[in-house]
There are 2 protein chains.
Amino acid sequence: MGRRGPYICGIDAGMDVVAGKWKSLILWELNNYGTRRFGELRRGLPGVSEKMLVQQLREMEEDGLVHREIYREVPPRVEYSLTPDGTSLNEALGALGTWGQQRVERLAAEGILVEVSPTA
Amino acid sequence: MGRRGPYICGIDAGMDVVAGKWKSLILWELNNYGTRRFGELRRGLPGVSEKMLVQQLREMEEDGLVHREIYREVPPRVEYSLTPDGTSLNEALGALGTWGQQRVERLAAEGILVEVSPTA
DNA sequence: TGCGGTACTCACCTGGAGGTAAGTATGGGC
DNA sequence: GCCCATACTTACCTCCAGGTGAGTACCGCA
């Protein structure tokens, strides 16, 4: 979870909530699909361990970014989606995504960057 | 320094370069003042150690975000400033800053957040 | 009977980010 | 002669984010 302040500025507070190896990617994934099951998220994020996925999702839930809907069925079904706060955070990260994309292209053009994952 | 890919998406690449406890704040500081000496940055970032400041500045220089100008004087003078890439990164983080600011205000209104640094 | 799939929890371990404190060369002011 | 300020470097240590692998409860299917 976030430190919950005191923060030096808004960027500080924003970064605090997105810090965590998978959080920005979870945001991106949930924003693209609207609603995703735990297993779908796991398969969509190459390299995540189950432990980390649960952990990051729980923290994001506590931070009010994602909504968790449990369906009491067998086998169990749990669906994750973005809250309004999560959606707006994702929008706020849009510019950073564009910047990163351009950087990747620039580095690739200079032959510095080896490759980009096909998902990009 | 950044991993230099492969990245999953642009946000992934962008986050990679801003990851580091002080980088977004250095960006902010340099953008506000245009040019800052090492000591000014240290005093402007409450809590940084000299080691960390140097380290993060060096990484940002390698990543092409900041420019380092050395004046061979005694006592030594070194001035840091943002490169065009650094400036555009800072702009890309603007939306995140606004989001964070609003979040802080929302949490404060709910009495969850204790306080905000006066620099905010 | 036992294996696979669901969404987890738990215990353990490691690497590296980040912190602490000291050392360095130089000259100016007292 | 000594201390201060500049911008660092170096060695050492701690802590925790993140990874690994196993275990859990339930059911369907073969």
Side-chain angles (χ1 to χ4, degrees), chain A residues 1-4 6-8 12 15-27 29-30 33 35-63 65-81, chain B residues 1-4 6-8 12 15-27 29-30 33 35-63 65-81:
Chain A
M1 256 252 313
R3 314 194 304 269
R4 298 248 154 109
Y7 297 115
I8 289 178
D12 191 18
M15 288 296 299
D16 187 32
V17 128
V18 212
K21 196 168 175 181
W22 305 98
K23 292 190 181 173
S24 60
L25 300 178
I26 291 174
L27 234 35
E29 189 85 0
L30 286 183
Y33 293 91
T35 275
R36 295 230 95 182
R37 299 184 55 173
F38 182 83
E40 292 174 329
L41 279 173
R42 176 162 40 83
R43 285 185 291 271
L45 304 175
V48 219
S49 65
E50 299 193 337
K51 178 197 130 188
M52 281 311 298
L53 225 207
V54 178
Q55 200 175 101
Q56 308 261 309
L57 282 170
R58 288 294 135 82
E59 290 183 8
M60 294 173 78
E61 199 188 348
E62 276 191 77
D63 283 335
L65 304 177
V66 314
H67 173 70
R68 183 160 169 257
E69 190 74 38
I70 307 155
Y71 297 87
R72 305 223 158 274
E73 309 171 352
V74 167
R77 183 159 62 101
V78 178
E79 289 185 347
Y80 294 91
S81 54
Chain B
M1 257 251 314
R3 312 197 303 271
R4 296 245 154 113
Y7 295 116
I8 290 178
D12 191 16
M15 287 296 299
D16 187 31
V17 129
V18 216
K21 194 168 177 183
W22 307 98
K23 293 191 180 172
S24 59
L25 301 178
I26 291 173
L27 235 35
E29 189 83 0
L30 287 182
Y33 291 92
T35 276
R36 295 231 96 182
R37 298 183 56 173
F38 181 83
E40 292 175 330
L41 279 173
R42 176 163 39 84
R43 285 186 290 270
L45 303 175
V48 219
S49 64
E50 299 192 338
K51 179 196 131 189
M52 282 311 297
L53 224 205
V54 177
Q55 199 175 102
Q56 309 261 309
L57 283 169
R58 288 295 134 81
E59 290 183 8
M60 293 173 78
E61 199 188 348
E62 277 191 76
D63 283 337
L65 304 177
V66 314
H67 172 70
R68 183 160 168 257
E69 190 74 37
I70 307 156
Y71 297 87
R72 303 221 160 277
E73 307 171 355
V74 167
R77 184 159 62 101
V78 178
E79 290 186 348
Y80 293 91
S81 55

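In this text the structure is predicted, and so the values were computed from the model without any measurement. Chain identifiers are assigned alphabetically (A, B, ...) following the order of the sequence lines, protein sequences preceding nucleic acid strands; residue numbering begins at 1 within each chain. Only this structure's heavy atoms are used, side chains among them; waters, hydrogens and symmetry mates stay out.
Note that the CZ atom of A:Arg43 and the CZ atom of A:Arg37 stand 8.0 Å from one another [nearest 0.5 Å]. For the atom pair CD1 (B:Ile26) and CD (B:Glu59), the distance works out to 9.5 Å, reported to the nearest 0.5 Å. Between the CG atom in B:Leu27 and the CD atom in B:Gln56 there is a gap of 11.5 Å [rounded to 0.5 Å].
Nearest nucleotide to the side chain of A:Val74, out of C:dT9, D:dC27, C:dG18: D:dC27. Among the nucleotides C:dC8, D:dA7, C:dG19, the one closest to any side-chain atom of B:Val78 is D:dA7.
Applying side-chain contact (heavy atoms from CB on, under 4.5 Å) to A:Arg58 and the options A:Glu61, A:Met60, A:Gln55 leaves one that passes, A:Glu61.
Whole-Å rounding puts the A:Glu79 CD to C:dC8 C1' distance at 16 Å. Distance A:Arg42 CZ to C:dA7 P: 8 Å, rounded to the nearest Å. Between the CH2 atom of A:Trp22 and the P atom of D:dG18 there is a distance of 10 Å, rounded to whole Å. A straight line from CZ of A:Arg43 to P of C:dG5 spans 10 Å, rounded to a whole angstrom. Whole-Å rounding puts the B:Glu50 CD to C:dT24 P distance at 15 Å. As a whole-Å value, the separation of B:Leu57 CG from C:dG18 P is 14 Å. What separates CZ of B:Arg77 from C1' of C:dT26 is a distance of 16 Å, to the nearest Å. Rounded to whole angstrom, the span from the CZ atom of B:Arg37 across to the P atom of D:dT6 amounts to 7 Å.
Nucleic acid contact for A:Tyr80: sugar-phosphate only, since backbone atoms but no base atoms lie under 4.0 Å from a heavy atom of the residue. Across all strands shown, B:Glu40 has no heavy atoms under 4.0 Å from either base or sugar-phosphate atoms. At a threshold of 4.0 angstrom between heavy atoms, the contacts of A:Gln56 are confined to the sugar-phosphate backbone, with no base atom among them.
Between D:dT9 and B:Arg58, a contact under 4.0 Å exists linking OP1 or OP2 to a side-chain N or O. Between B:Arg72 and the phosphate of C:dG27, there is no side-chain N or O to OP1/OP2 separation shorter than 4.0 Å.
No hydrogens or angles were tested; on distance alone, a donor-acceptor pair under 3.5 Å links the side chain of A:Lys51 to the base of D:dG19.
For the pair A:Glu29 and A:Leu41, the minimum side-chain heavy-atom distance is below 4.5 Å.
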